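These notes are about the structure you will find just below.
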Amino acid sequence: MKIIFGYYDDEDFGLTPYPDISSPDKKDFASFEEYKKEEEKAEEYRKFLITGIMEDFQYYELIEDFLENLKELKAGKRKKLEWDGQAFQYEITLSRVEMMHTIFGECEEYPKWSCRFKEFEKVLKGWKKFLEMDRSEESFVKVEI
């Protein structure tokens, strides 16, 4: 799965960041069920992981501080890290990142969701790299997870 961060020129707001996830190609799957499962996974990643990162880590400096906390986790100085963002609350261990919606909590529309730590870290670092770039329609970052 590839995640692409880029900009589009919005008529009202100017250059606006957007995420895109490469859609799976039906021919790459042995069955429609496998394809559908991968498509649903991509939608979950868009709804939770990408939305969370873009909403909760809007500034380069915030990501820098947060990455320091992740370093402590990786060094064994912490067993887990809890983080409250605007969109989601995070519970992070070296194996998983669990996310729960900040306003709605755990509900049918927003169940508790998780992904692997390495995926979260890779997407967050890709987002950070994107924020470091010039604001331009030509600027984009691809992250493969």
Side-chain angles (χ1 to χ4, degrees), residues 1-29 34-107 109-145:
M1 182 179 340
K2 288 181 189 164
I3 298 169
I4 302 167
F5 294 112
Y7 288 104
Y8 72 95
D9 194 5
D10 184 275
E11 188 175 297
D12 296 323
F13 301 107
L15 282 179
T16 304
Y18 76 90
D20 193 20
I21 295 182
S22 59
S23 298
D25 193 343
K26 288 181 186 177
K27 67 180 179 175
D28 294 336
F29 297 90
E34 286 179 23
Y35 164 76
K36 193 69 176 160
K37 188 175 181 180
E38 190 66 20
E39 196 175 62
E40 289 170 1
K41 181 180 176 182
E43 282 306 311
E44 285 182 356
Y45 275 63
R46 180 178 284 113
K47 181 177 181 177
F48 293 94
L49 180 61
I50 295 172
T51 298
I53 284 176
M54 289 180 71
E55 291 293 321
D56 293 335
F57 301 95
Q58 295 181 20
Y59 306 103
Y60 170 84
E61 297 82 11
L62 179 62
I63 298 170
E64 281 289 304
D65 291 344
F66 186 76
L67 287 174
E68 287 300 317
N69 290 321
L70 291 185
K71 282 181 187 175
E72 290 180 8
L73 186 68
K74 289 166 75 172
K77 294 179 182 177
R78 297 176 175 214
K79 291 190 187 242
K80 77 176 179 179
L81 172 64
E82 293 179 349
W83 182 269
D84 289 331
Q86 292 180 36
F88 292 96
Q89 295 172 325
Y90 302 81
E91 187 173 294
I92 303 168
T93 65
L94 284 178
S95 60
R96 305 217 57 77
V97 175
E98 289 188 352
M99 299 169 64
M100 186 170 58
H101 198 277
T102 300
I103 296 170
F104 304 120
E106 192 173 347
C107 64
E109 183 67 25
Y110 287 97
K112 190 177 272 189
W113 185 84
S114 67
C115 66
R116 294 188 327 240
F117 174 83
K118 289 181 180 185
E119 292 173 329
F120 177 83
E121 182 181 38
K122 196 170 189 181
V123 175
L124 182 64
K125 286 180 176 181
W127 175 241
K128 177 182 173 269
K129 182 177 179 181
F130 175 71
L131 291 177
E132 293 172 327
M133 300 173 84
D134 291 334
R135 290 181 64 92
S136 161
E137 285 186 68
E138 290 78 39
S139 295
F140 68 92
V141 170
K142 289 183 188 179
V143 178
E144 189 151 351
I145 57 172

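Owing to the predicted nature of the structure, the values given are computational and were not obtained by experimental measurement.
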Pairwise distance [atom1]([X]) to [atom2]([Y]) - rounded to 0.5 angstrom:
| X | Y | atom1 | atom2 | result |
| --- | --- | --- | --- | --- |
| Ser22 | Glu144 | OG | CD | 7.5 Å |
| Met54 | Leu49 | CE | CG | 11.5 Å |
| Glu91 | Glu98 | CD | CD | 5.5 Å |
| Ser139 | Glu132 | OG | CD | 12.0 Å |
| Glu106 | Met100 | CD | CE | 7.0 Å |
| Ile53 | Phe48 | CD1 | CZ | 13.5 Å |

Applying salt bridge (Lys or Arg N to Asp or Glu O under 4.0 Å), can you list everything that pairs with [X], at least two apart in sequence or on another chain?
| X | value |
| --- | --- |
| Glu38 | none |
| Lys74 | Glu121 |
| Lys37 | none |

Write down the atom of [X], the atom of [Y], and the distance for their closest heavy-atom approach.
| X | Y | value |
| --- | --- | --- |
| Leu124 | Phe57 | CD1-CG, 3.9 Å |
| Ala42 | Ile21 | O-CD1, 3.3 Å |
| Leu73 | Phe117 | CD2-CE1, 4.0 Å |
| Gln89 | Thr102 | N-OG1, 3.6 Å |
| Cys115 | Tyr45 | CB-OH, 4.0 Å |

Identify, with sequence neighbours excluded, every residue that meets side-chain hydrogen bond (donor to acceptor under 3.5 Å, both in side chains) alongside Glu55.
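By the side-chain hydrogen bond (donor to acceptor under 3.5 Å, both in side chains) rule, Glu55 matches no residue at all.
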Do the side chains of [X] and [Y] get close enough for a salt bridge, i.e. N-O under 4.0 angstrom?
| X | Y | answer |
| --- | --- | --- |
| Lys128 | Glu64 | yes |
| Glu82 | Lys80 | yes |
| Glu44 | Lys47 | no |

Please lay out, stage by stage, how Tyr18 and Phe140 fare under the test side chain to side chain contact (heavy atoms under 4.5 Å, CB included).
CA-CA 10 Å; Tyr18 76 90; Phe140 68 92; 6.0 Å; no
Can you check whether [X] reaches [Y] side chain to side chain, under 4.5 Å on heavy atoms?
| X | Y | answer |
| --- | --- | --- |
| Lys2 | Asp20 | no |
| Tyr90 | Leu81 | no |
| Glu137 | Tyr8 | no |

Can you list everything that forms a ring-ring contact (aromatic ring centres under 6.0 Å, His included) with Phe130? Sequence neighbours excluded, please.
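ring-ring contact (aromatic ring centres under 6.0 Å, His included) check on Phe130 returns Tyr7, Trp127.
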Enclosure of [X] [atom1] (heavy-atom neighbours >12, cutoff 6.0 Å):
| X | atom1 | value |
| --- | --- | --- |
| Asp134 | CG | no |
| Phe29 | CZ | yes |
| Arg96 | CZ | yes |

If we ignore hydrogens and angles and just use 3.5 Å, is the side chain of Asp56 paired with the main-chain N or O of Gln86 as donor and acceptor?
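Looks like yes, one N/O pair under 3.5 Å.
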Quick one: list whatever passes side-chain contact (heavy atoms from CB on, under 4.5 Å) with Lys118, sequence neighbours left out.
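Partners of Lys118 under the side-chain contact (heavy atoms from CB on, under 4.5 Å) test: none.
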